[in-house]
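A short worksheet on the structure shown next.
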Amino acid sequence: MDWQERIRAKGLRISEPRRQIMTLLAETTVPLSPAAIHTCIQKQGGSLSLASVYRTLRLLEDLDLLCQVYLADGNLGFMVHDSGHHHHVLCRCCNRSVDFPGNDDLLALAARVEELTGYTISDHMLQFYGLCPQCRQA
C-alpha cells in the first residue's frame, strides 16, 4: 500500500502540505530537518508555513509514513518509512542515510536492560554513523 492509500485508509485526505512533504522526502536519501523541508518547499514555489510543516510531519509520523533520524550534528531529520522495523546508518560526511532491518537481534539486549533497570522496554532506536562508500573514496 502506498502512502496515499495509507492516508485515505485512515479517512484523511491528501492535502497539499501532505503531498508536498511526502513527495520531497520520497525523492531524497538524506534525512531532512523541518527547517530544511520548509526551505526546499518554498524554493519549489510552495507556501507552507513552518508550523504547517511541523504539524504535517507529526501526523505523517503518527501514520507510520515517516521516521526520525538523528543527523550527525544532533538535529532531528525525517525520512520516508518503508514497512517493517528497521534502523539507520548515516554518513557523517554527506548525511546520506541507508536503512537496514532489525529487531530480533535486540530482544536479548532489551531483556537485559529491563533486568538491570526494572524498566519495561516499549520501544528503541538504534542508529549508526560512519562514512558511506562514496565519501570513503573521496
Side-chain angles (χ1 to χ4, degrees):
M1 178 182 311
D2 73 0
W3 68 268
Q4 293 176 347
E5 291 171 351
R6 288 171 68 183
I7 288 175
R8 287 189 186 110
K10 294 290 185 177
L12 302 170
R13 65 184 185 84
I14 309 298
S15 66
E16 191 60 17
R18 294 170 191 163
R19 186 192 62 74
Q20 288 176 335
I21 290 173
M22 286 302 297
T23 300
L24 174 66
L25 291 175
E27 294 172 350
T28 185
T29 60
V30 177
L32 296 176
S33 69
I37 291 168
H38 180 252
T39 300
C40 289
I41 289 174
Q42 293 221 323
K43 285 181 181 177
Q44 295 173 350
S47 60
L48 289 180
S49 69
L50 188 55
S52 291
V53 170
Y54 274 99
R55 271 194 308 275
T56 304
L57 289 171
R58 190 175 319 116
L59 172 70
L60 295 172
E61 189 179 12
D62 288 347
L63 293 173
D64 207 24
L65 294 169
L66 299 180
C67 59
Q68 296 180 359
V69 176
Y70 285 93
L71 305 173
D73 64 5
N75 287 317
L76 184 62
F78 290 86
M79 293 190 73
V80 171
H81 178 9
D82 296 326
S83 62
H85 186 82
H86 67 276
H87 305 285
H88 291 268
V89 59
L90 184 77
C91 179
R92 287 197 177 271
C93 185
C94 70
N95 280 332
R96 182 171 182 261
S97 181
V98 177
D99 61 11
F100 60 94
N103 189 26
D104 294 339
D105 50 341
L106 296 177
L107 294 177
L109 177 60
R112 178 145 169 74
V113 170
E114 286 182 336
E115 182 182 316
L116 290 172
T117 65
Y119 279 66
T120 299
I121 304 299
S122 61
D123 202 359
H124 68 272
M125 179 179 187
L126 175 66
Q127 186 170 310
F128 292 101
Y129 297 91
L131 290 176
C132 69
Q134 293 84 359
C135 290
R136 273 198 332 264
Q137 288 180 352

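Sequential numbering from 1 along the given sequence is applied to the chain's residues.
The heavy-atom pair separating Leu63 from Lys10 by the smallest distance is CD2-CG, 3.5 Å. Across all their heavy atoms, Gln20 and Gly46 have their closest contact at NE2-CA, 3.8 Å. Considering every non-hydrogen atom in both Cys67 and His88, the closest pair reads SG-NE2, 3.3 Å.
Within the model, atoms CG of Leu65 and CG of Leu57 stand 11.5 Å from one another, a figure rounded to the nearest 0.5 Å. Distance check: Leu107 CG to His124 NE2 gives 8.5 Å after rounding to the nearest 0.5 Å. Between the CG atom in Leu76 and the OH atom in Tyr70 there is a gap of 5.0 Å [rounded to 0.5 Å]. Rounding to the nearest 0.5 Å places CG of Leu66 at 5.5 Å from CE of Met22. To the nearest 0.5 angstrom, Leu126 atom CG is 5.0 Å from Phe100 atom CZ. With values rounded to the nearest 0.5 angstrom, Glu16 atom CD is found 11.5 Å from Ser52 atom OG.
Remark: side-chain polar atoms of Arg6 are paired, donor with acceptor, to backbone N or O of Asp64 under 3.5 angstrom. Proximity of a side-chain donor or acceptor of Arg18 to a complementary backbone N or O of Thr56 within less than 3.5 Å is not detected.
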Give the table of side-chain donor-acceptor pairs shorter than 3.5 Å for residues 89-96, with sequence neighbours excluded, one pair per line with atom names and distance.
none

May I have the list of side-chain donor-acceptor pairs in residues 113-123 shorter than 3.5 Å, sequence neighbours left out?
| unit_1 | atom_1 | unit_2 | atom_2 | d |
| --- | --- | --- | --- | --- |
| Glu114 | OE2 | Ile121 | N | 2.7 |
| Thr117 | OG1 | Val113 | O | 2.7 |
| Thr117 | OG1 | Tyr119 | N | 3.1 |

Show me the side-chain donor-acceptor pairs of residues 24-35 shorter than 3.5 Å, one per line, residues at least two apart or across chains.
| unit_1 | atom_1 | unit_2 | atom_2 | d |
| --- | --- | --- | --- | --- |
| Thr28 | OG1 | Val30 | N | 3.1 |
| Thr28 | OG1 | Val30 | O | 3.4 |
| Ser33 | OG | Ala36 | N | 3.0 |

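Residue Val53 is grouped with residue Ile14 when hydrophobic side chains (ILVMFWY) are merged at heavy-atom distances under 4.5 angstrom, including chains of intermediate members. Under a hydrophobic-cluster definition in which Ile, Leu, Val, Met, Phe, Trp and Tyr are linked whenever side-chain heavy atoms come within less than 4.5 Å, directly or via other members, Val98 and Leu71 are assigned to different clusters.
A 4.5 Å side-chain heavy-atom check between Met79 and Asp99 finds every atom pair outside the cut-off. Side-chain contact check for Ile7 versus Leu60: some heavy-atom pair is nearer than 4.5 Å. Contact annotation: the side chain of Gln68 approaches that of Phe78 to within less than 4.5 Å [non-hydrogen atoms, C-beta and beyond].
The side chain to side chain donor-acceptor pair (under 3.5 Å) check on Gln127 picks up Tyr129, with sequence neighbours excluded. For Glu61, the salt bridge (charged side-chain N to carboxylate O under 4.0 Å, His left out) test picks out no residue, with sequence neighbours left out. Under the side chain to side chain donor-acceptor pair (under 3.5 Å) criterion, His38 pairs with Gln42, sequence neighbours left out.
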